[in-house]
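Written out below as structure tokens is the structure these notes cover.
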Amino acid sequence: MKPSLPQGTRDFAAETLHKRRFIIDTIKETFELYGFEPLETPSIENLETLMGKYGDEGDKLIFKILNNGLDNPSKRENVIKEFEHILSGKNNKNITERALRYDLTIPFARFMAMNQGKLTLPFKRYQIQPVWRADRPQKGRYREFMQCDADVAGTYSLISDVELAEIYADVFGKLKIDVEIKINSRKILYALAEVCDSIDNITAITIAIDKLDKIGMEKVKEELKETGLSEKSISIIENYISIEGSNSEKLDKIETLVGASETGKKGIEELKFVLDFLKNDDSKRINKVILDFTLARGLNYYTGTIYEVKARNVQMGSIGGGGRYDDLTGLFGVPNIPGVGISFGLDRIYDVMEELKLFPEEINRATEVLFFNLGEKESKHAFYLMQKLRHQNISCELFYENVKLDKQFKYATKKNISFAVIIGSKEMEEKNCLVKNLGTGEQKTIPETELVDFFK
RNA sequence: GUGGUUGUAGCUCAGUUGGUUAGAGCAUCAGAUUGUGAUUCUGAGGGUCGUGGGUUCGAGCCCCAUCAUCCACCCCA
């Protein structure tokens with residue numbers, strides 16, 4: 001049989017993994033700097049936990065797992081009957097009751113609901129794990145990919161919203177990715193629908209608005225028309241979309257449009273609070289938070305601020321997203337635990353950094369020193385010296401075979417090893433070793449007693 | 001889920017209107033060179049042309065199906 005991978009999945013070799021780890025470490029460090037604690041949940045959840053949380057499209061993209069034991073003859077008739085439900089598009093516990101995790105937010109909400117009372121609120125957790133979506137793969141889209149989430153649960157304080165925006169700015173600053181951190185509020189979108197007298201169509205409106213920069217104003221209007229909005233509503237939405245200027249100018253303009261709505265007023269207040277707080281952080285950074293009323297986001301559990309991050313100078317969908325949800329655990333029978341969270345898309349961040357060549361050179365240097373093998377006695381001696389270095393936390397390797405130096409050099413070059421230590425019979429006799437810098441080609445002989453200090 | 005693209009050696013790719021034994025560069029291995037590489041020279045190995053059918057005297061090339069890739073739509077990280 002020919003080995004192959006399922007569609008949309010990948011193996012990661014050392015070079016890729018070093019780079020991925022570089023990103024993950026940066027994110028993890030930043031999360032911990034802000035007081036978040038780690039959490040891991042299972043790869044599989046009960047299908048019931050996930051269904052209905054991501055919208056109709058989302059439900060279709062959940063990987064469902066076939067139950068075991070369906071071939072049991074005694075269940076045969078029942079299984080065939082239940083399978084009819086599947087064929088008509090309904091899920092059925094008797095056929096599939098488990099599914100692969102689709103994101104990290106819903107499992108987190110499930111965890112909160114299951115552990116309420118045990119956790120001190122507000123609870124700040126971060127989670128870095130793969131998720132799966134049965135999407136067709138394309139640029140920046142995989143069927144298995146890594147999400148890095150940070151969520152604050154149990155507080156309405158908008159300071160937590162501010163902090164998450166700061167985390168975005170910090171992480172992408174550290175990674176040297178030039179990004180736009182877009183912010184909006186679901187409340188404002190809701191108010192817009194209210195003003196248009198089309199609350200039932202809020203999803204269609206937001207989806208259409210969200211496409212603005214992709215399809216342009218005319219197409220957006222067409223789409224709105226098709227969903228049955230009145231001319232008047234469409235012109236309100238056109239005004240809404242056309243709002244431009246600085247963040248504070250935009251806030252002034254939105255006030256006249258949706259300020260009459262209670263929800264709209266609240267949304268404006270909240271955005272003002274967050275943006276004002278961010279303005280007080282005068283640290284010089286390339287990444288700024290930009291108010292964008294066309295930002296919508298599909299996930300329907302968001303209720304307040306919403307975020308999305310896009311990299312500049314590169315063609316790639318969003319590399320991060322998040323927002324506030326006032327009652328996520330309510331879905332699991334535990335009301336009144338609000339939360340706010342953000343997610344980093346590791347795989348897309350990787351693709352962006354690769355395309356913009358943002359990974360540091362030295363990232364693939366795992367082994368520092370290679371000890372050459374020049375014979376039985378020599379290699380034994382070299383091994384003894386090497387262990388001394390290893391115990392001082394200097395990563396080393398001894399070439400396993402006594403082959404031509406040429407080969408040993410090539411191995412070192414391939415693995416991007418910085419130094420070679422060559423110990424032959426002459427060096428052994430004189431209790432010396434020859435250290436060669438493989439980058440510069442410089443080499444010198446030093447007493448073996450000084451070897452550890454040389455690398456420390 | 002819908003539409004398009006590509007699939008030939010480990011990698012990047014040639015391969016004429018269908019015609020004998022399918023090529024190149026890089027990489028690998030061996031030797032020139034038994035203590036100095038990333039830059040020399042010589043030679044060697046490596047392919048059921050994605051897979052399965054079909055058309056044909058004859059298919060890497062044409063047709064159908066299927067799998068995978070990349071891309072777009074839907075949606076999203």
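Note that the structure is predicted; figures quoted are calculated from it, not measured. Here is the naming used below: chain letters follow the sequence lines, and residue numbers restart at 1 for every chain.
If you check B:C74 for Watson-Crick or wobble pairing at under 3.5 angstrom, you find it has no partner at all. If you check B:U56 for Watson-Crick or wobble pairing at under 3.5 angstrom, you find it has no partner at all.
Between A:Glu442 and A:Glu57, the residue anchored nearer the 5' end of RNA chain B, judged by the nucleotide with its closest heavy atom, is A:Glu442. Annotation: of the two residues near RNA chain B, A:Tyr142 and A:Asn437, the 5′-most nearest-nucleotide partner is A:Asn437.
Look at NZ on A:Lys410: it is 13 Å from C1' on B:C26, rounded to the nearest Å. Distance, A:Asp11 CG to B:A68 P: 15 Å, rounded to whole Å. Spacing between atom CZ of A:Phe399 and atom P of B:G37 amounts to 15 Å, rounded to whole angstrom units. The distance from atom CG of A:Leu175 to atom P of B:A77 is 19 Å, rounded to the nearest whole Å. Between the P atom of B:A38 and the CG atom of A:Leu370 lies a distance of 16 Å, rounded to the nearest Å. Per the geometry, NZ belonging to A:Lys407 stands 15 Å off P belonging to B:U34, to the nearest Å.
Screening A:Glu37, A:Glu32, A:Glu163 against A:Lys124 for a salt bridge (Lys or Arg N to Asp or Glu O under 4.0 Å) leaves a single residue, A:Glu163. A side chain to side chain contact (heavy atoms under 4.5 Å, CB included) with A:Lys28 is found for one member of A:Val171, A:Ile23, A:Ile128 and no other, namely A:Ile128.
Minimum atom distance to the side chain of A:Pro137 is reached by B:C70, of the listed B:C75, B:C70, B:G37. Of the candidate nucleotides B:A77, B:C75, B:U36, B:C75 has the atom lying nearest to any side-chain atom of A:Lys214. Of the candidates B:A77, B:A38, B:G3, the closest approach to any side-chain atom of A:Arg136 belongs to B:G3. Of the candidate nucleotides B:U33, B:A72, B:A27, B:A27 has the atom nearest to the side chain of A:Lys414. You'll find that the side chain of A:Lys139 is closest to B:C71, out of B:U36, B:C71, B:A77. Considering only side-chain atoms of A:Ile422, the nucleotide from B:C75, B:G37, B:U36 that sits closest is B:U36.
Checked by distance alone, A:Gln443 brings a side-chain donor or acceptor within 3.5 Å of a matching partner on the base of B:U36. The base of B:C76 lies close enough to the side chain of A:Arg348 for a donor and an acceptor atom to sit less than 3.5 Å apart. One N or O donor and one acceptor, one from the side chain of A:Arg141 and one from the base of B:C75, sit under 3.5 Å apart.
Cation-pi geometry between A:Arg133 and A:Phe145 is not satisfied (NZ or CZ under 6.0 Å from the ring centre, within 45° of the ring normal).
Nucleic acid contact class of A:Gly441 (heavy atoms, under 4.0 Å, all strands): base. As judged by a 4.0 angstrom heavy-atom cut-off over every strand, A:Ser425 is placed among the base-contacting residues. Within 4.0 Å (heavy atoms only), A:Glu308 reaches no atom of the nucleic acid at all. Across all strands shown, A:Lys436 has heavy atoms under 4.0 Å from base atoms, whether or not it also approaches the sugar-phosphate. Nucleic acid contact for A:Leu434: base, since at least one base atom lies under 4.0 Å from a heavy atom of the residue. Within 4.0 Å of A:Gly317, counting heavy atoms only, lies no atom of the nucleic acid at all. The residue A:Gly322 sits apart from the nucleic acid: no heavy atom pair falls under 4.0 Å. At the heavy-atom level, A:Ile349 lies nowhere under 4.0 Å from the strands shown. A:Asp347 comes within 4.0 angstrom of no nucleic acid atom, judged by non-hydrogen atoms across all strands. At a threshold of 4.0 angstrom between heavy atoms, the contacts of A:Thr413 include nucleobase atoms, whether or not backbone atoms are also involved.
Salt-bridge check for A:Asp161 with A:Arg324: passed, with a basic side-chain N closer than 4.0 Å to an acidic carboxylate O. Salt-bridge check for A:Glu429 with A:Lys426: failed, with every basic side-chain N at 4.0 Å or more from each acidic carboxylate O.
Look at the C1' atom in both B:A38 and B:C74: the space between them is 49 Å, to the nearest Å. One C1' atom belongs to B:A27, the other to B:C67, and the distance between them is 28 Å to the nearest Å.
For B:U69, one of the phosphate oxygens OP1 or OP2 lies less than 4.0 angstrom from a side-chain nitrogen or oxygen of A:Gln7. In this model, the phosphate group of B:C75 is approached by a side-chain N or O of A:Lys211 to a distance below 4.0 Å at OP1 or OP2. Look at A:Gln138 and you won't find any side-chain N or O under 4.0 angstrom from OP1 or OP2 of B:C71.
A perpendicular orientation is assigned to the rings of A:Phe455 and A:Phe419, their planes being inclined by more than 60° (bins at 30° and 60°). Using cut-offs of 30° and 60° on the angle between ring planes, the pair A:Phe344 and A:Phe172 is tilted. Using the six-membered ring where Trp is involved, A:Tyr350 and A:Phe359 have ring planes that are tilted, between 30° and 60° apart.
Residue side chain A:Phe409 fails the stacking definition with respect to B:A38, as its ring centre and the base's six-membered ring centre are not both under 5.5 angstrom apart and under 30 degrees in plane angle.
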